[in-house]
Amino acid sequence: MNLDMVAFIGRSTLSWVQVMGRSGVFLFLAVFQAFQRPFRMSRLLKEIQFIGSKSFLIVFVTALFTGMVLALQGYHTLTQFGAQALLGSAVALSIIRELGPVLCALMVTGRAGSAIAAEIGIMKLTDQFPALEMMAIEPVKYVISPKILAGIISLPLLTAFFDVVGILGGYLVGVQLLGINHGVYFGKMITAVTFADIYGGVIKSLCFGLLISWVACFMGFSAQSTTEGVSQATTRSVVVTSLSILVVDYILTSLLL
Amino acid sequence: MIRVENLVKTYGRIVACNKVSCRLEKHKVTVILGGSGSGKSTLLRQVTGLEKPDSGSVFFDGMDLTRANKKALYEKRKKMGMLFQGSALFNYLTIFENIAFPLREHTKIADNVIKNIVTMKLEMVGLRGTEHLMPSQLSGGMMKRVGLARAIVMDPKVIFYDEPTSGLDPISTGVIGKLIKDLNTKLGITSVVVSHDIASSFKIADKIIILYYGDIIAQGTVAQIQNSMDERVVQFIAGSPEGPISFTRTDDSYIDALLTDNDNTTGKML
């Protein structure tokens, strides 16, 4: 019984290390080949359109309501200390430092990460990777590299958009609804937010962008060639990415502070 | 054209190719026949360089594909076309873009010329007019024909067909068979067909190779195969359940399996 336990721990550790190693090699190949000729700009733009611009609406709604609820909660807490003038900086700092990168990444994971894993899984299931190879086209370079790059490029931009919309959401509730002076809202914000806050948010969103496309591509690529395999890969990609985003966020915050 | 020498490929304990040696001759249609699990698809994957064998060589145009680097392999691939079992069309591209895909990737041919080439290839497979459709809007047989149009768009010297007629109705099977033969006779394309469809194979083959659990048990012209005295070949051609090729997959005793009280079937839980 005890030996079984030890064997189980050993086996799971081994398989975990194997997966980590394989995914590392996979990422290395995808990034390495992204910088080999021929460059396919149209492929990259298409992926940026898919991961980035098609996520605009969902990011907009998430950001708007996040900013609004932050202002509502913040106002009621801050009035207890008579500090409602700080609402602008409170909303801006929480969004720029934490909520912007994290929520944006979680939303993109749900929308684009799952779709990428499913798409790649189905390509594998229907022999499209060997078909590319038979046409003398490197599948990792053609399919995976643009997606990884597009993730890294799209997420900081989406996060910047999230930050702006979130701050405007806070403005709607704080200034228009609850009657804080509009100069105070923005004035305090401008003095409180430093370049380091914005820089930290950008670093986070870059890492999350890489994480989303990397995990989704790897899960799809290593999926079993069955319908269950594809559905498992999709689910797993969303779960693993979401959890990793939260863990990586903590690590990055502790490093950046 | 293609020479396979002492090819060995194993997956764990299963020997998929056991020292296979054969020649796939220029301008001929060679059909590799075998039941499921006979190693014929594995052989095709080794011959095209999609997988590396454990040992042995595959010479294509004098170059050993098993030892070639990626660049050299991809150069040779431009002379190969392949029709996959499931057609492997790109589901996010239209029929036109699917067929134009290799041209766009490997050549700088102008758009109006590409359009003419694609139209010609579609006409050859009898599907002109479907350019704007998506692969999901076609039937299985039509998808195979589009896959074939894509395989020949770069004017390859060799085409590999993986189970070209499996899952098709009799008419589509006949159409695909005729296309394979026509491409071979009219354009002189060397053809390698992996199949278990005996009737259509006999119609198109110049040479037949029969595989059985990783071994070549017979090869020759259609007439030679039909007159073969080998019991396994006779059974395979007749499609008979009785004979040396066993229907069951295990050598264990059936009575023992019923009588012994072990948990092999339920799987050992941790």
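A note on names: the letters A, B, ... follow the listed sequences, proteins ahead of strands, and every chain is numbered from 1.
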Which atoms of Leu73(B) are under 4.5 Å from chain A, going by heavy atoms: the side chain, the backbone, both sets, or neither?
neither

Interchain contact, Tyr142(A) with chain B, by part (heavy-atom threshold 4.5 Å)
side chain

Would you please indicate if the ring centroids of Tyr92(B) and Phe50(A) are separated by under 6.0 Å?
no

How many angstroms lie between atom CG of Asp127(A) and atom CE of Met82(B), to the nearest 0.5 angstrom?
7.5 Å

Got a sec: does the CZ of Arg23(B) have more than 12 other heavy atoms crowding it under 6.0 Å?
no

Is there side-chain contact between Glu119(A) and Asn91(B), with heavy atoms separated by less than 4.5 Å?
no

With rounding to the nearest 0.5 Å, note down the distance linking CZ in Arg77(B) to CD1 in Ile137(A).
11.0 Å

Spatial distance of atom CG (Leu132(A)) from atom CZ (Phe90(B)) [nearest 0.5 Å]
4.0 Å

Mind ranking Met135(A), Glu133(A), Met134(A), Glu138(A) by heavy-atom pairs under 4.5 Å with chain B and telling me who comes out on top?
Met134(A)

Given heavy-atom pairs under 4.5 angstrom as the criterion, report whether the side chain, backbone, both or neither of Lys76(B) touches chain A.
neither

Does Lys115(B), at its NZ atom, have more than 12 non-hydrogen atoms belonging to other residues, nucleotides or ligands within less than 6.0 Å?
no

Under 4.5 Å from a heavy atom of chain B, the part of Ile122(A) involved:
side chain

